[in-house]
Peer 1: 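Here it is, the structure, as structure tokens.
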Amino acid sequence: MTGAPPAAWCVVGRGADGRTALLELDAQGARRGEAEFEASQLVAEVARREAESSPRWVWSDTATWYPRLLAAGVTVSRGHDLRLVHVILRHAQRVTQPGPLRAASAWDVAIAPPAETPASGPTLFDLDSSTRPGGVPHDLAAAVAEFSRQREALAGAEQRGRLQLLVAAESAGALIAAELQAAGIPWDVDEHDRILREALGPRPPAGGIPARMLEAAASVRQALGDPQLSLDSPPRLLRALHRAGIDVPSTSQWELTRIEHPAIEPLLRYKKMSRLLTANGWAWIEEWVHEGRYRPVYVPGGVVTGRWASSGGGALQIPRQLRPVLRADPGWRLISADVAQLEPRVLAAMSGDRAMIAAGAGKDLYSGIVEAGVVATRQEAKFGMLGALYGGTTGDSARIVPRLRQRFPDAMALVDGAAAVGERGGTVTTWLGRSSPAPESAWIQAQTRANLPDAAPGEQEAARRAARDRGRFTRNFVVQGTAAEWALSWMAALRLALSRFPPVDAAARATPSGPVFARRAHLAFFLHDEVIVHAPAGQAEAAAAAIRDAADAAGRLLFPGSPVDFPLDLSITERSAEK
DNA sequence: AGGTAGAGCGCG
DNA sequence: AAAGCGCGCTCTACCT
């Protein structure tokens, strides 16, 4: 073995006869070693190689392979998720020599299937169950072949360095998502129950309606003079409102709040309570919180822009009202951090717009826009910026965006250009290289038909509207997608830093989380531009510093030499605070 | 009975 | 106040 370079890559897959196989490659992709073993030996084989050389683990699908390792207490430092990378490379415009990669194949899975819970289902690599419905191939041979195609596609890509960063960040995200699920969010069920009782009244018998909701519903029915009315049916509710002389186009909150009528206050109260009960009530607790942890399923790459989605329990929609329910274990702390105005800052960095960079230098970008004399109030700056990023055409946006265009010409040219490309059916690409999907054939046909001489006015108008809709999507895609890349890079750097924190001794372990994450500071929550780290109290300050350092590192990694900074709002608490 | 579309509302 | 982007979830209405 002397002199031989260590394995740089280790591809894992299913072998023959239900066994598991792996193939070690060196940095040039040359084969260095192979092994095949019983599936039950996977954990030991991975742990040994990870300790020896920390290769980059290449596998079909992180959500299929990694939870089993985590459940056994094994983490890996680096990965390459063939499924996620395939999606990126197959659509990337910067991949100019795709070879066979762009042809339809078993790897072309449009939507990430939901992950299995490690605890559920049969044992380790029961072969049938390890193939997730609609999933990708898990055989070693298929993985090796796909990995080879991906390496070739990457080697010939434009802006290859950036695309490689994206591939690494996406794969790190897949590891993080599995680790977040394994760790779970420390969840104070008693506090949750207290908040529910305070808002709704005592818990009713199974399936019953809480007292405060019954009371509000009765007030609404009385005020509308309709004793049988069901408040849960928007069509019926709307008809009842109309009968009572309340002229609203829908039953949505913001329409109702403008109305003066005795039915409105209890109705809004009812809607609020109904939402809390059905989305995050006692049934939710029983389904999703076990042993003091909420373990959501994160879906990396679940959004076309590269943002994560979630599946099960609505992890990314936990109402602010329930934030106090996130509570650190005894002797531990929650370190919460979110980026101030991530998307505008990303836009400033991408475009190199000097005026916008200057406005954001320091702390609050929106205040900076006010101080630069562009608008009068912070609120105007915020709505104007959202209009610029989303393509707002009405109200304050229509008034303010032209001023932003004048003062921040480079930034606005970037998003306006992305919108123009989208409107004519083109593809846009994020900073690191994720490309937007091509328009659907129905969209293209509608545009084509609208251009024919005999097109009906209605067809033309519909086509123009569809074009503008797509323009708003591509306008936002470049910014939202690049912000997602920044956030992945942030988390990847943070994860690496936290993995070097010293484990705490057995007595100080957080309980009752799993065997790996009970021992040291770990990521506990992620929401687009926000992370929460769960750490022993004595390491909380160090964790906070790691979060800040990781944000700086992400900025330097994506935008080397750019003066744009990414300031954080950060707090160290025992209980997460409602904002 | 079972699948889907839309309304409505939570998050960024 | 939303608006203009991206989601997931629950409920009802409506379809096959």
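Per chain, numbering begins at 1; letters A, B, ... match sequence-line order. This structure is a prediction, so every number in the text was calculated from the model and none was measured.
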Peer 1: Rounded to the nearest angstrom, tell me the gap between atom CG in A:Leu267 and atom C1' in B:dG8.
Peer 2: 12 Å
Peer 1: Round to the nearest Å and state the distance from A:Glu530 atom CD to B:dG10 atom C1'.
Peer 2: 14 Å
Peer 1: Side chains of A:Thr62 and A:Asp81: is there a donor and an acceptor less than 3.5 Å apart?
Peer 2: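 There is such a pair (donor and acceptor under 3.5 Å, judged by atom type) between the side chains of A:Thr62 and A:Asp81.
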Peer 1: Would A:Asp565 and A:Arg345 pass as an ion pair if we require N to O under 4.0 Å?
Peer 2: yes
Peer 1: Regarding A:Glu530 and A:Arg323, does a basic nitrogen lie under 4.0 Å from an acidic carboxylate oxygen?
Peer 2: yes
Peer 1: Give me each pair satisfying salt bridge (charged side-chain N to carboxylate O under 4.0 Å, His left out) with a member in residues 409-422 of chain A, each pair once, sequence neighbours excluded.
Peer 2: A:Arg405-A:Asp416, A:Asp416-A:Arg475
Peer 1: Need to verify one output field. Residue with the more 5' nearest nucleotide on DNA chain C, A:Val303 or A:Trp288?
Peer 2: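 Final value for this comparison: A:Val303.
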Peer 1: Can we say A:Arg307 and A:Glu343 salt-bridge, meaning some charged N sits less than 4.0 Å from an Asp/Glu carboxylate O?
Peer 2: yes
Peer 1: With nearest nucleotides of DNA chain C determined for A:Thr257 and A:Arg275 from heavy-atom distances, which residue corresponds to the more 5′ nucleotide?
Peer 2: A:Thr257
Peer 1: Using atom OH of A:Tyr298 as one end and atom C1' of B:dC11 as the other, report the distance to the nearest whole Å.
Peer 2: 12 Å
Peer 1: Taking atom types as modelled and ignoring hydrogens, do the side chains of A:Asn280 and A:Gln321 form a donor-acceptor contact shorter than 3.5 angstrom?
Peer 2: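 Note: A:Asn280 and A:Gln321 side chains miss the donor-acceptor criterion.
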Peer 1: Looking across every strand, which nucleic acid part, if any, lies under 4.0 Å from A:Thr394 by heavy atom: base, sugar-phosphate, or nothing?
Peer 2: base
Peer 1: Counting just side-chain N and O atoms, does A:Lys272 come under 4.0 Å of either OP1 or OP2 of B:dG10?
Peer 2: yes
Peer 1: Choosing from B:dA7, B:dG12, B:dC9, which nucleotide comes nearest the side chain of A:Gln253?
Peer 2: B:dC9
Peer 1: Which residues in residues 460-489 of chain A have at least one heavy atom lying under 4.0 Å from any atom of DNA chain C?
Peer 2: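 Output list: A:Arg472, A:Phe473, A:Asn476, A:Gln480.
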Peer 1: Does A:Trp282 have its ring centroid less than 6.0 Å away from the ring centroid of A:His192?
Peer 2: no
Peer 1: Within the 4.0 Å heavy-atom criterion, would you say A:Ala309 contacts the bases, only the backbone, or no part of the nucleic acid?
Peer 2: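 Sugar-phosphate contact only.
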Peer 1: At under 4.0 Å between heavy atoms, what does A:Leu527 touch on the DNA or RNA strands: base, sugar-phosphate, or nothing?
Peer 2: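 Answer is sugar-phosphate: A:Leu527 comes under 4.0 Å of backbone atoms only.
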Peer 1: At under 4.0 Å between heavy atoms, what does A:Ser250 touch on the DNA or RNA strands: base, sugar-phosphate, or nothing?
Peer 2: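 It contacts sugar-phosphate atoms only.
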Peer 1: Heavy atoms under 4.0 Å, any strand shown: does A:Thr393 hit a base, just sugar-phosphate, or nothing?
Peer 2: nothing
Peer 1: Kindly confirm or rule out a cation-pi arrangement of A:Arg295 over A:Trp288, judged by NZ or CZ under 6.0 Å from the six-membered ring centre and within 45° of its axis?
Peer 2: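 The answer is no, since A:Arg295 fails at least one limit relative to A:Trp288.
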Peer 1: Using the heavy-atom set of chain A and a strict 4.0 Å cut-off, write down the first and last nucleotide of DNA chain C that makes it in, 5' to 3'.
Peer 2: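 Endpoints of the contacted stretch of DNA chain C: C:dA2 to C:dA13.
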Peer 1: Starting at atom CD1 of A:Ile318, determine the distance to atom C1' of B:dC11, rounded to an integer number of angstrom.
Peer 2: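 These atoms are roughly 9 Å apart.
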Peer 1: Pull up the glycosidic torsion of B:dG8 and say syn or anti, syn being anything within 90° of 0.
Peer 2: anti
Peer 1: For C:dG4, give its Watson-Crick or G-U wobble partner with both distances under 3.5 Å, or none.
Peer 2: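 Its partner: none found.
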Peer 1: Parallel, tilted or perpendicular, judged at 30° and 60°: which one describes the rings of A:Trp187 and A:Tyr294?
Peer 2: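 Rings of A:Trp187 and A:Tyr294: perpendicular, over 60°.
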Peer 1: Under 4.0 Å, heavy atoms only, any strand: does A:Asp396 hit a base, just the sugar-phosphate, or nothing?
Peer 2: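 Base contact.
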Peer 1: Salt-bridged, A:Arg194 to A:Asp190, with N to O below 4.0 Å?
Peer 2: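 No salt bridge links A:Arg194 with A:Asp190.
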Peer 1: From B:dG10, B:dG12, B:dG8, pick the nucleotide closest to the side chain of A:Thr251?
Peer 2: B:dG8
Peer 1: Please report the distance, rounded to the nearest Å, between CD in A:Gln317 and C1' in B:dC11.
Peer 2: 6 Å
